[in-house]
Amino acid sequence: MSQGGNVKLTIFQKFEKFGDLFFINILFVISCIPIITIGAAFTAMYSFTTKLVRDHEGPVWKSYWSAFRKNFVPATKAWLVILLIFAIMFVEFVFSYSTAGFGLALLLGIMAIEAVFLSFTLPLLFPLIARYENTTMNMIKNSFVICISNLGSWFYLFFIWVLPIALYASSDKILYYSWPLWLVILIAVLAYASSMVIVKIYDKIESAEGATAEVKKYEEEEKPHKLADKVNSIKSEDE
């Protein structure tokens with residue numbers, strides 16, 4: 001194929017990926033409407049975007065809803081745990097207004113610990129559920145440990161999702177003019193950008209000695225694995 005033909009093919013592939021992300025974003029937003037399904041929606045989206053990074057994706061509609069159904073129970077269990085933590089933090093925040101002295105300091109300290117725990121757990125929780133099978137508590141523990149063990153990758157993932165929040169907090173106009181983009185494309189774009197790092201973490205987990213075991217899962221092109229109960233043996237990719 002000529003160089004011009006290669007360029008046209010590359011451009012076509014990029015437009016095709018953009019279209020896939022647009023479609024995935026719409027499906028994600030729709031499936032988040034019941035609130036209780038947000039965990040399954042994130043898991044299904046990551047299941048697709050991590051395959052998209054490797055050019056292993058299938059038809060968008062079929063791939064998304066297949067992953068949504070297969071992961072609904074474990075993803076919803078994990079999401080309910082996260083919601084419970086957020087609810088506890090909200091109650092603590094409300095009580096902090098009527099508390100002073102040592103009680104206030106204690107509440108703020110507990111809230112800080114909970115916030116740190118969530119910041120090191122959420123970036124990888126649903127991507128892990130999208131690829132591996134394990135108990136809910138082990139998934140949460142593994143997500144936290146892997147993020148701690150890979151601080152460079154964690155910072156990248158954390159920064160991608162927190163930066164928009166920081167921008168909106170600094171200016172209401174940014175949210176006013178950009179919120180329609182979140183409904184149609186931006187969430188999927190962030191998930192795709194995150195998946196570029198997540199697939200490297202997958203590879204690292206699956207190549208780590210003693211960290212894998214065969215299990216039935218979803219990708220036909222590759223044989224995924226069950227995430228081990230302990231991942232402390234996984235070395236940091238940032239060392």
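This one's a predicted model, so the numbers in the text were calculated from it and none came from an experiment. Numbers here simply count residues along the sequence, with the first being 1.
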| When hydrophobic residues are tied together by side-chain contacts of less than 4.5 Å, even through go-betweens, does Leu107 share a cluster with Ile88? | no

| task | State, with a plain yes or no, whether a side-chain heavy atom of Leu27 is found less than 4.5 Å away from one of Met45. | result | no

| query | Got a salt bridge between Lys51 and Asp20, using NZ or NE/NH1/NH2 to carboxylate O under 4.0 Å? | reply | no

| request: List the atom of Arg54, the atom of Val199, and the distance in Å for their closest heavy-atom pair. | output: NH2-O, 3.2 Å

| Joint hydrophobic cluster, Phe126 plus Met196, side-chain heavy atoms closer than 4.5 Å | yes

| said: Can you confirm whether Lys204 sits close enough to Asn150 that some side-chain heavy atom of one is under 4.5 Å from a side-chain heavy atom of the other? | reply: yes

| Leu21 and Ile185: side-chain contact (heavy atoms from CB on, under 4.5 Å), yes or no, with the steps? | CA-CA 6 Å; Leu21 291 176; Ile185 190 66; 3.8 Å; yes

| task | Indicate whether any N or O donor in one side chain lies under 3.5 Å from an N or O acceptor in the other, for Ser195 and Thr50. | result | no

| Are Phe48 and Phe18 connected, step by step, through hydrophobic side chains (Ile, Leu, Val, Met, Phe, Trp, Tyr) whose heavy atoms are closer than 4.5 Å? | yes

| For atom CZ of Phe155, is the number of surrounding heavy atoms from other residues, nucleotides or ligands below 6.0 Å larger than 12? | no

| Nearest-0.5 Å distance that lies between atom OG in Ser96 and atom CG in Leu104 | 6.5 Å

| Reference residue Val60; test side chain to side chain contact (heavy atoms under 4.5 Å, CB included); the match among Ile24, Leu52, Ile26 | Ile24

| request: Apply the test ring pair (Phe, Tyr, Trp, His ring centres under 6.0 Å) to residues Tyr64 and Phe23: give CA-CA distance (whole Å), side-chain angles for both, the deciding distance (0.1 Å), then the verdict. | output: CA-CA 10 Å; Tyr64 182 87; Phe23 196 5; 8.8 Å; no

| field | For Gly103 against Thr99, the heavy-atom pair lying closest together | value | C-CG2, 3.3 Å

| Validation row: Cys147, Phe158 side chains within 4.5 angstrom (heavy atoms) | no

| remark: Closest non-hydrogen atoms of Val184 and Asn25, given as atom of the first, atom of the second and distance, are O-CB, 3.3 Å

| If you count the non-hydrogen atoms of other residues, nucleotides and ligands that lie under 6.0 Å from CH2 in Trp61, is the total more than 12? | no

| field | Single-linkage hydrophobic cluster, 4.5 Å side-chain cutoff, Phe28 and Ile165 together | value | no

| Worked verdict on Phe22 versus Val189 for side-chain contact (heavy atoms from CB on, under 4.5 Å) | CA-CA 9 Å; Phe22 173 83; Val189 168; over 6 Å; no

| said: Just so I know, are the side chains of Leu80 and Ile36 near enough to count as touching, which here means a heavy-atom distance under 4.5 Å? | reply: yes

| field | Spacing of Ile38 atom CD1 and Leu83 atom CG [to the nearest 0.5 Å] | value | 7.0 Å

| request: Check whether the side chains of Ser194 and Tyr156 place a donor and an acceptor atom closer than 3.5 Å, and report yes or no. | output: no

| Do Ile82 and Leu125 come within less than 4.5 Å of each other through their side chains, counting heavy atoms only? | yes

| query | Rounded to the nearest 0.5 Å, what separation is found between the CD1 atom of Ile129 and the CG atom of Asn142? | reply | 10.5 Å

| query | Which word best sums up how the rings of Phe120 and Phe144 line up, parallel for under 30°, tilted for 30 to 60°, or perpendicular for over 60°? | reply | perpendicular

| Taking all non-hydrogen atoms of both residues, which atom of Trp182 and which atom of Val29 are closest, and how far apart? | O-CG2, 4.2 Å

| query | Does some side-chain heavy atom of Thr43 sit less than 4.5 Å from a side-chain heavy atom of Phe72? | reply | no

| message | Give me the atom names and distance for the closest heavy-atom approach of Pro164 to Ile160. | response | CD-O, 3.1 Å

| Any ion pair linking Glu206 and Arg131 (charged N to carboxylate O, less than 4.0 Å)? | yes

| Spacing of Ile146 atom CD1 and Ile201 atom CD1 [to the nearest 0.5 Å] | 7.0 Å

| Close side-chain approach of Phe42 and Trp79, heavy atoms under 4.5 Å | no

| said: Can you confirm whether or not the ring centre of Tyr132 sits under 6.0 Å from the ring centre of Tyr202? | reply: yes

| 4.5 Å side-chain heavy-atom contact, Leu157 and Ile198 | yes

| Cluster link Met89 to Phe95, ILVMFWY, side chain under 4.5 Å | no

| task | Working to the nearest 0.5 Å, report the span between OG1 of Thr49 and CG of Leu190. | result | 10.5 Å

| Inter-residue atom distance Met139.CE - Thr121.OG1, 0.5 Å rounding | 13.0 Å

| Closest approach of Ala41 to Ser31 (non-hydrogen atoms, all atoms of both residues) | CB-OG, 3.4 Å

